[in-house]
Amino acid sequence: MLEFKDTVAEAVAGIEDGSIVMIGGFGNAGQPFELIDALLQSGATGLTVVNNNAGQADEGLALLIKEGRVRKMICSFPRQSDSWHFDAKYRAGQIELELVPQGNLAERIRAAGAGIGGFFTPTGYGTMLAEGKETRFLDGKWQVFETPIHADVALIKALTADRKGNLVYRKTARNFGPIMAAAAKRTIAQVSEIVPTGGLDPENVITPGIYVNTIVKVG
Amino acid sequence: MLEFKDTVAEAVAGIEDGSIVMIGGFGNAGQPFELIDALLQSGATGLTVVNNNAGQADEGLALLIKEGRVRKMICSFPRQSDSWHFDAKYRAGQIELELVPQGNLAERIRAAGAGIGGFFTPTGYGTMLAEGKETRFLDGKWQVFETPIHADVALIKALTADRKGNLVYRKTARNFGPIMAAAAKRTIAQVSEIVPTGGLDPENVITPGIYVNTIVKVG
Amino acid sequence: MSEQTTSNLTTAGGAPHGAPQASDAPLGRDDLARLVARDIAPGSFVNLGIGQPTLVSNYLTDEQDITLHTENGMLGMGPVATGDEIDPDLINAGKIPVTELPGASYFHHADSFAIMRGGHLDVCVLGAFQVSAGGDLANWHTGAPDAIPAVGGAMDLATGAKDVYVMMTLLTKDGKPKLVPELTYPATGVGCVTRVYTDQAVFLIAADGVRVRETFGITFEELEGLMEVPLIAG
Amino acid sequence: MSEQTTSNLTTAGGAPHGAPQASDAPLGRDDLARLVARDIAPGSFVNLGIGQPTLVSNYLTDEQDITLHTENGMLGMGPVATGDEIDPDLINAGKIPVTELPGASYFHHADSFAIMRGGHLDVCVLGAFQVSAGGDLANWHTGAPDAIPAVGGAMDLATGAKDVYVMMTLLTKDGKPKLVPELTYPATGVGCVTRVYTDQAVFLIAADGVRVRETFGITFEELEGLMEVPLIAG
């Protein structure tokens, strides 16, 4: 059942220690800072986090990592000029890293939502990131077998929700939101605006409400 | 290069005998009747056609089949109350049929456009339609290996195009258009309206112009 | 969706008045549809396939707030369109013109089947030729050698939804049970059906066997006598 | 995108004036960017990766009608945003604020990478540590044991685009060629690079070997003397 919550604390309530948590965003665009802060406040720990990056500067995901709540990162690009909290944890051997090419990350998340048990892709063939993986020659190319990434929870940021849970996003902040919403058992979305049912054009809905469990208006 | 043509005859010019042709539409919704008529007039034959159905009544794809231009149908639901032309050809052994569960059809078309060499899906496991196919136990379920369906040409129907080839559709007529546009080497779209570049909201574009080669306004 | 019979439990407009209950006689198609409708949890996302199961939509209440999915690319499907409402671009999986409810959304076929195949639908309701005691479903092919095969979205619905309810008569026209130990018709899906709604009983496909939830115009013992499948009461 | 050097071929505003030509001296970064820009066919869909290759966008002409893709979810990306144009929701793959051109479109990450992985981009331009004679690319990892690995979309771009152009200096700071018989750095992709644009020459990775299309401030023979990779003239 779709729920509307008044606060981000209520929205993230019940996320258990050890959960696999997808967090939307590419860099800061689309990153649900307020939900991440609430997750930090909730005390949940031992998390596996799926995000394109591994936190930037001293906010959002970076703080979750700093505070030792993240056991493992699944991401494509953890090394940035301001990813010092991840860097420190990684060098100290206090965080596990599964490095995934960005397109494989997206496609594996999409596969989880779409009920695909695995797929072959040329990306990564012949590289360190495909070591030990099954390969097959298909469509004239060597391809690597990749498996879906499922999650317990997705924290995403959208622009507007209606009362049915339909979502639209804004510009490149859309990024991982729609596929993470479909891949997680429970999707929590922070939005800037909530409109009545019928307030979004059905042609323009990006994430149908079927993928959304909890909505909270922020800011 | 994107081209705008004045007539459907010009739009379909150059489709070669023996081509694999995807045709959009679910029933009549989204079926590009005018492009199909032009393909019929062009004389192209020996075609493999990918469509959800196998033609209805005495128009569109049904006529292409009636005239013997279709060597093989790849579809999910050829048997309808008014699919008499397909029925006759099939019973006469004059047309080959590859029957594909509708979701596998959609996912295989999507895979072709997305560069996926093959995937595992639970759909069809333990049925006649999976006989002889590789199976694997993944995510707690038996799954069947399916391969992409590529095409030489896609004929699709959209509502509006802009001058960059971006497309939007209308209601359930969207159906196979977006995934076929991505799966074919050459995509020919008939539209009801062409607007200047900038006339479509970038947030609401369904098929980006990168997937479209030829546009013709119809009606 | 065209045939609509009336029965003692069905009111003219199709609007439900009170919950259905176990009756002394076998249920008609509409009573059965009403029973299924009552069993769907509030807030569910549901696909009603084509044919008989679409009758269920007549008995869903506003309070249930059910969202209907149609595999040709829509959530929030409304009732069948009539008169000026008919729009050739807005049809259901049976290619019948339908309407759009507030809060609807449209998507392409791969996205639509991802909803089904990814396990996001709470319930789908399907017709069947046969269901096996293990929940295998046969509803797409009679197995006749001269039949033109057509599958549509049946296999995706059968394997994808969280719960697959079947609506059918218990017996064939020849009086043979359609709930059988093993399928004799070609399978649509394996181990996928969770409930079977028939005119004479509702069956739950459970881990320990086939349970009879309720009967209509027949006793549990009579039902046992009629069927090869071992049954568990209650 | 931050470092922009000027050279004899570069005009202040970055607008191109006439085609670049083979010069007597090695090309600067901007001259090289201009050369790559000139070689992109009109109407192409192009991804410029991050860093040095993004300079190419300064030299694309309106007449070329090139559409730029950024893998974080956009076609029709415009120039870097300045002042009031800066919008935190509108960034490129290097996380730099950019602008939107008329005719742009937005899509989610799986759809965006489907554009790359499905072979729909005509050209992508990437930097590199090394390219092998067979077109293998190394541009994501130095192989240093203490390095934190980060790959982003490099492998998807390398394997997906119809043509992969590399822009790099021919030599390392130690004077060793970066176009090598076999990679010594970890691979990003195998047999994917089709052209290598360097400050001293443009190389085509062809079926029969590595062809030198043009040289800058060096003769073909001097180039041969510098490199281990066998070269074919013209």
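Per chain, numbering begins at 1; letters A, B, ... match sequence-line order.
- Considering only heavy-atom pairs separated by less than 4.5 Å from chain B, the leading option among D:Gly76, D:Gly160, D:Pro102 is D:Pro102.
- For a residue to count as touching a neighbouring chain, one of its non-hydrogen atoms must lie under 4.5 Å from one of that chain's; by this rule B:Leu200 does not touch chain D.
- D:Asp208 CG: more than 12 foreign heavy atoms inside a 6.0 Å radius.
- The nearest pair of heavy atoms linking B:Met1 to D:Pro42 is SD-O, 3.2 Å.
- Annotation: B:Glu16, atom CD; neighbour count of heavy atoms from other residues, nucleotides and ligands within 6.0 Å does not exceed 12.
- Using a 4.5 Å cut-off between heavy atoms, B:Leu2 does not touch chain D at all.
- Counting heavy atoms of neighbouring residues, nucleotides and ligands inside a 6.0 Å radius, atom CD of D:Glu182 does not exceed 12 of them.
- By number of non-hydrogen pairs under 4.5 angstrom with chain D, the leading residue of B:Gly113, B:Ala111, B:Gly199 is B:Gly113.
- Applying a 4.5 Å heavy-atom cutoff, the residues of residues 150-171 of chain B that approach chain D are B:Asp162, B:Lys164, B:Asn166.
- Heavy-atom neighbours of chain B within the stretch residues 103-122 of chain D, taken at a separation under 4.5 angstrom, comprise D:Gly103, D:Ala104, D:Ser105, D:Tyr106, D:Phe107, D:Ala110, D:Asp111, D:Ala114, D:Ile115, D:Arg117, D:Gly118, D:His120, D:Leu121.
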